[in-house]
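Step one of this worksheet: look at the structure below.
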Amino acid sequence: MVVTVLIPIFAEAASKLVNTTSQFPGTVLIKKEHWVVDAKSLLGVLALSLQPGQEVEITSDEGDEVINALLELNIFEKK
């Protein structure tokens, strides 16, 4: 699912994102341009340097549960 970043994803927001995705056993990936990182990796998420207004694709083999949990953090919004 393609989402828009609402806030800069630095330490606190990245930590919330990683903690949320880590609650699910499946794979969760974040794609930005040619970069693809594991959403359970704090260093990977920080490396993307996500800023408000950027669009990223979040994919998961867990289905919409993970996406909905991430949307509840108010870090992303559906496009």
Side-chain angles (χ1 to χ4, degrees):
M1 167 179 292
V2 176
V3 296
T4 303
V5 179
L6 296 176
I7 62 172
I9 300 184
F10 296 124
E12 185 178 348
S15 179
K16 287 180 183 179
L17 190 154
V18 169
N19 287 337
T20 300
T21 56
S22 294
Q23 295 174 7
F24 298 89
T27 302
V28 183
L29 300 174
I30 300 176
K31 299 176 186 178
K32 174 188 164 190
E33 299 167 2
H34 64 278
W35 297 91
V36 179
V37 301
D38 182 352
K40 296 179 183 182
S41 165
L42 184 59
L43 288 176
V45 171
L46 290 172
L48 290 178
S49 187
L50 298 174
Q51 299 295 318
Q54 292 180 328
E55 292 181 358
V56 296
E57 183 179 353
I58 302 174
T59 58
S60 171
D61 54 11
E62 290 288 315
D64 288 338
E65 287 183 55
V66 176
I67 308 285
N68 291 334
L70 291 175
L71 291 173
E72 289 177 15
L73 295 175
N74 294 318
I75 296 173
F76 303 108
E77 73 177 356
K78 272 185 180 179
K79 179 161 183 205

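Just so it is clear, the structure is predicted and the values come from calculations on it, not from any experiment.
Judged by distance alone, with hydrogens and angles left aside, the side-chain atoms of Thr21 form no donor-acceptor pair with the main-chain N or O of Val28 at under 3.5 Å. Between the side chain of Lys32 and the main chain of Val37, no donor-acceptor pair closer than 3.5 Å is present.
In this structure the side chain of Val45 reaches within 4.5 angstrom of the side chain of Val18, judged on heavy atoms.
Residue Glu12 places its CD atom among 12 or fewer non-hydrogen atoms of other residues, nucleotides or ligands, all under 6.0 Å distant.
Atoms CD1 and CD, on Ile30 and Glu57 in that order, are 11.0 Å from each other to the nearest 0.5 Å. Distance OG1/Thr4 to NZ/Lys78: 12.5 Å, rounded to 0.5 Å. Here the CD1-OG1 distance, from Ile67 to Thr59, works out to 7.5 Å after rounding to the nearest 0.5 Å. Between Leu70 atom CG and Met1 atom CE the span is 10.5 Å, to the nearest 0.5 Å. Rounding to the nearest 0.5 angstrom, the gap separating the NZ atom in Lys16 from the CG atom in Asn74 is 9.0 Å. Taking OG from Ser22 and CG from Asp38, the interatomic distance works out to 8.0 Å, rounded to the nearest 0.5 Å.
Using a 4.5 Å cut-off between side-chain heavy atoms of Ile, Leu, Val, Met, Phe, Trp and Tyr, with links allowed through other members, Val2 and Ile58 fall into different hydrophobic clusters. There is a path of hydrophobic side-chain contacts, each under 4.5 Å, that joins Leu73 to Val5. Tracing side-chain contacts under 4.5 Å through hydrophobic residues (I, L, V, M, F, W, Y), one reaches Leu42 starting from Trp35; they form part of the same cluster.
Residues satisfying the salt bridge (Lys or Arg N to Asp or Glu O under 4.0 Å) criterion with Lys79, sequence neighbours excluded, are Glu55.
Other members of the hydrophobic cluster containing Val36, listed by chain and number, are Leu29; membership follows side-chain contacts under 4.5 Å among ILVMFWY residues, whether direct or relayed.
Closest of all the heavy-atom pairs between Ala14 and Leu46 is CB-CD2, 3.7 Å. Listed here is the closest heavy atom pair of Lys40 and Phe24: NZ-O, 2.5 Å. When all heavy atoms of Pro8 and Ala13 are compared, the pair lying nearest together is O-CB, 4.0 Å. Of all heavy-atom pairs spanning Val66 and Glu62, the tightest one is CG2-CB, 3.5 Å.
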